[in-house]
Amino acid sequence: MTNHASSPLQLFMSDIHGEYESFAHVLRSGCGAMQKLIAHHFAELDEAERTELLMLACYPKEKAALVRAEQGSLANAWLDDAVNKLMELVYTRCAEVADEQRARLTQHAWTQLGFEGAPNPADPFEDLSQKERLSFASKLLRNYCLGEVHLVGDIYDRGPAPDLIMDELASIPDGDIQWGNHDIVWMGAALGQPGCIGHVMRICSRYSNLPILTERYGMDLAPVEEFARKAYADDPCAAYGLKGSAELTEDQRYTNIKVQKAMAIIQYKVEGQLIDENPSFALEDRKLLHRIDYERGTVEIEGIEYELTDKVFPTVDPNDPYRLTPEEAEVLAYLQKTFLECEKLQQHIRLFLDRGGLYRIDGNALMFHACVPLNPDGSLMEVNLFGETLSGKALFDAVDAHVRDAFDSQDPILAKQGRDLLWYLWLGEGSPLFGKKKMATFERYVVDDKQAQAEPKNAFFSLFDDEAAHDTIFRDFGMDPEHSYLVCGHVPVKIKKGESPVRCNGRHFNIDGGFSEAYQPTTGIAGITLVDEGGHITLVEHQPFHRAQGLSANEDISSKRTVVK
């Protein structure tokens, strides 16, 4: 959230959404930096040989195993030669960086691989076996090629492996995270915040991603599934179909649907309670359970009556609709305890705090995930945060501080405010991570009307090409409007329909290119990386990448590079 010195090579990515393999390959190859180095240094090799060397550098353990399986007794000779080539590249890069940087990156690689003590400064490879030399050379080479990585939000949800993405980020020497809306709701869930838990559980079941919680984070959800199957046994859950392309058994599909509705109803109830506890959030219009006519099967929203597409509410008391049943309260308490006691999740969430923030300024780049809330005329929109009126940078700084209070404050009032703000940041009109008038979760489920389901966006998103609005933002953040640019994500760029990630004459980059498979039909590509090499800015559009195919066929990720500044 503070100013940082600019790095010679900076990579910007956003909206990874659990899509680990493509993301990891971009990191490990330095988004083309390693390919370029190999091609320059070993021009005598053909393209297939250079790509095979690249794959060995990016995935030493997996590629070496594949080579041994394919070449048998000849593998050692090939690997010895390949390791020597990687070491040549390491020494070449060593000579090009300052002593302090070289020592730091060498020690980082040494420590990451679990070697004890410190490497020999004269020859760190001297006492290593072939396997160790390969691991160390490839790791050190990746460190040299990578530069500084900025992940501009949304690691979680949709895709299958957010935990591996967090592990990959933890393993690189220079990387930071700007919190996304999907990240912030997981951060709240990790603190046991009931509204955030409701959303995380509902989204995971909706996209058949409960294995993220059960298999990757080791949570036992059997009590939740048992409750959902029992409470909604006679309920067809008509409005709670699943999204995504996961292959499920009939029993798994049934369970996901039941859990999804059970968590949605719990979510509606606890959100009603949170809205009453936090009047400054101004979310009264999002309390809808008491506006349902349970006999007629209708709901009143903004003065208009709509028929419900799902009229079955077995756990809702019409006379006290926001009260949890004893069974629901037990399930929620169990989930709070489960999230709080998940050590692996807590470690990953701590990484958001240690390496991240709501925004970052690095050289001429201003990074944040979604938006700076604006009025239609381009002026900064004022937001009421616990009785304090804030806008622009002051709003961002206050939000960042409140989030950290949620985790670290010893004051129970400040900690509670921070936890509730994590939920507000997911769906509040004034949230820099949401940027819409309302989140119409209820309407999208049970009201078949486009007007009711509409989520009008903040003016920021209609002012992507407005020079004056960008000048206002840069000045407010203490930056020179003449030379600054902002990087954000959040809204997928429909490349296939001719939309451009580059807006406002190169002063605004929206880099949500659909890394996640769920968004690729919208964008037409499989992710965007923005590369800044000392002011020389290149936009890289990626196609899908699958590690197993790349390793076996020596195929690098297919990318289109465009110089934009």
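What you see below is based on every heavy atom in this structure, not just the backbone, and it leaves out hydrogens, waters and symmetry mates.
- Closest of all the heavy-atom pairs between Phe281 and Asp420 is CE1-O, 3.8 Å.
- Between the side chain of Lys436 and the backbone N or O of Lys457 there is no donor-acceptor pair closer than 3.5 Å.
- Of the candidates His402, Met187, Gln193, Arg419 forms a side chain to side chain contact (heavy atoms under 4.5 Å, CB included) with just one, namely Gln193.
- With contacts defined as side-chain heavy-atom distances shorter than 4.5 Å, the pair Ile155/Phe352 qualifies.
- Between the side chains of His490 and Asn510, not a single donor N or O lies within less than 3.5 Å of an accepting N or O.
- Between the SG atom in Cys58 and the NE2 atom in His25 there is a gap of 5.0 Å [rounded to 0.5 Å].
- Listed for the Arg206 side chain is no donor-acceptor partner under 3.5 Å among the backbone atoms of Met201.
- Arg202 and Tyr445 share a donor-acceptor pair across their side chains, judged by distance under 3.5 Å alone.
- A salt bridge links Glu277 with Lys416: the closest approach of a Lys/Arg side-chain nitrogen to an acidic carboxylate oxygen falls below 4.0 angstrom.
- With salt bridges taken as basic N to acidic carboxylate O contacts below 4.0 Å, none links Lys494 and Asp512.
- In this model, no donor atom of one side chain and acceptor atom of the other lie less than 3.5 Å apart for His369 and Tyr359.
- When all heavy atoms are compared, the tightest approach of Pro432 to Ala370 is O-CB, 3.1 Å.
- In this structure, Trp423 CH2 and Ile184 CD1 are separated by 14.5 Å, a value rounded to the nearest 0.5 Å.
- Within 6.0 Å of the CD atom in Glu327, the count of heavy atoms belonging to other residues, nucleotides or ligands exceeds 12.
- There is a side-chain donor-acceptor pair under 3.5 Å between His150 and Asp176.
- Put simply, the side chain of Gln453 never gets that close to the backbone of Ala440: no donor and acceptor are under 3.5 Å apart.
- The shortest side-chain heavy-atom distance between Phe386 and Asn278 falls under the 4.5 Å cut-off.
- Between the side chain of Glu168 and the main chain of Ile165, no donor-acceptor pair closer than 3.5 Å is present.
- Between Arg286 and Glu443 there is a salt bridge, with a side-chain nitrogen of the basic residue lying less than 4.0 Å from a carboxylate oxygen of the acidic one.
- To the nearest 0.5 Å, atoms OG (Ser208) and CD (Gln260) are separated by 9.0 Å.
- At least one side-chain heavy atom of Val491 sits less than 4.5 Å from a side-chain heavy atom of Phe461.
- The backbone N or O of Asp448 sits nowhere less than 3.5 Å from a side-chain atom of Thr309 that would complete a donor-acceptor pair.
- Considering every non-hydrogen atom in both Ala190 and Gln346, the closest pair reads O-NE2, 2.8 Å.
- Distance CD/Gln267 to CE/Met263: 8.0 Å, rounded to 0.5 Å.
- Contact check for Val259 versus Arg229: no side-chain heavy atoms found under the 4.5 Å cut-off.
- Shown here for Gly428 and Phe434, the closest heavy-atom pair between the two residues is O-CD2, 3.4 Å.
- With a 4.5 Å cut-off on side-chain heavy atoms, Lys269 and Thr315 count as touching.
- Taking the ring centre of Tyr232 as origin, the terminal cationic atom of Lys258 falls outside the region bounded by 6.0 Å and 45° from the ring axis.
- When all heavy atoms are compared, the tightest approach of Leu530 to Leu539 is CD1-CD1, 3.6 Å.
- Ion pairing between a basic and an acidic side chain is recognised when a charged N comes within 4.0 Å of a carboxylate O; Glu455 and Arg444 show such pairing.
- Formation of a donor-acceptor pair under 3.5 Å by the Asn256 side chain with backbone atoms of Gln252 is found in this model.
- For the pairing with Arg547, the salt bridge (charged side-chain N to carboxylate O under 4.0 Å, His left out) check across Glu555, Glu19, Glu21, Glu62 returns one residue only, Glu62.
- Looking only at side-chain heavy atoms (C-beta outward), Pro162 and His17 stay at 4.5 Å or farther from each other.
- The cationic group of Arg503 does not satisfy the cation-pi geometry with Phe509, failing either the under 6.0 Å distance to the six-membered ring centre or the 45° limit from the ring axis.
- Applying the salt bridge (charged side-chain N to carboxylate O under 4.0 Å, His left out) test to Arg216 and every residue at least two apart in sequence or in another chain returns Asp163.
- With sequence neighbours left out, the side chain to side chain donor-acceptor pair (under 3.5 Å) criterion links Lys261 to Asp235, Asp310.
- Gln543 and Ser559 share no side-chain donor-acceptor pair at under 3.5 Å.
- Pairing each heavy atom of Ala398 with each of Leu390, the nearest pair is CB-CD1, 3.5 Å.
- With no hydrogens or angles considered, a side-chain donor-acceptor pair links Asp157 and Trp186 at under 3.5 Å.
- The six-membered or imidazole ring of Phe460 lies near that of Phe464, with a centre-to-centre distance under 6.0 Å.
- Partners of Glu429 under the salt bridge (charged side-chain N to carboxylate O under 4.0 Å, His left out) rule, at least two apart in sequence or in another chain, are Lys437.
- The residue from Tyr156, Tyr207, Trp426 that alone fulfils the ring-ring contact (aromatic ring centres under 6.0 Å, His included) condition with His182 is Trp426.
- When atom types are taken as modelled, the side chain of Thr255 and the backbone of Asp251 share a donor-acceptor pair closer than 3.5 angstrom.
- In this structure a side-chain-to-backbone donor-acceptor pair under 3.5 Å is present from Asn209 to Arg158.
- Under the 6.0 Å cut-off for aromatic ring centres, Tyr485 and His508 do not qualify, their centroids lying 6.0 Å or more apart.
- In this structure, the side chain of Tyr217 does not engage the main chain of Pro211 through any donor-acceptor pair within 3.5 Å.
- Tyr268 and Thr441 share no side-chain donor-acceptor pair at under 3.5 Å.
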